[in-house]
Amino acid sequence: QVQLVESGGGLVQAGGSLRLSCAASGRAFSRNDMGWFRQPPGKEREFVARISWSGISTYYTDSVKGRFTISRDNVKNTVYLQMNSLKPEDTAVYFCAAAPLGVGATLAGQFHSWGQGTQVTVSS
């Protein structure tokens, strides 16, 4: 298992930016693909983005393409989610998660370790 702790959430106006961080410890961070999910109020948890263990390959859900960027630093054992041009519909609790490398995971059940989440609120 990998222990994950998210940070960087907060309140921002529409059109603004936030950068989320997820610090990892435990099982070798670089041997995991990493992902971000979010859970809007009253809704199911949904996939946002994934990055391969090497950082070379990324994948995004359509609603955030061109606005969000996932990246990782395997020296610092940290994965990031840069969120630009934020919209009120981006309001959610954001979670980072770890998945076995090479699976191409996008479903929550494919991820084996989760952080506690960080709240992002975008005001209109």
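- Other members of the cluster containing Val103 do not exist, because no ILVMFWY side chain is joined to it at under 4.5 Å.
- For the atom pair CD1 (Ile70) and CG (Leu20), the distance works out to 10.5 Å, reported to the nearest 0.5 Å.
- At least one cation-pi condition fails for Arg67 and Tyr60: the charged atom is not both under 6.0 angstrom from the six-membered ring centre and inside a 45 degree cone around its axis.
- Counting Ile, Leu, Val, Met, Phe, Trp and Tyr side chains that sit under 4.5 Å apart, directly or through other members, Leu107 stands alone, with no cluster partners.
- Proximity of the aromatic rings of Trp36 and Phe68 is defined here by a centroid distance below 6.0 angstrom, and this criterion is not met.
- Applying the side-chain contact (heavy atoms from CB on, under 4.5 Å) rule to Gln13 yields the partners Ser123; only residues at least two apart in sequence or on another chain are considered.
- Between the CD atom in Glu89 and the OG atom in Ser63 there is a gap of 8.5 Å [rounded to 0.5 Å].
- For the pair Arg19 and Tyr80, the cation sits on the ring face: its NZ or CZ lies under 6.0 Å from the ring centre, inside 45° of the axis.
- Under 3.5 Å, the side chains of Asn84 and Ser17 contain a donor-acceptor pair of N or O atoms.
- Under the rule for a side-chain contact (heavy atoms from CB on, under 4.5 Å), the partners of Val122 that lie at least two apart in sequence or sit in another chain are Val12, Ala14, Leu86, Pro88, Asp90, Thr91, Val120.
- Partners of Tyr59 under the ring-ring contact (aromatic ring centres under 6.0 Å, His included) rule, at least two apart in sequence or in another chain, are Phe47.
- For Glu46, the side-chain contact (heavy atoms from CB on, under 4.5 Å) test picks out Arg38, Pro40, with sequence neighbours left out.
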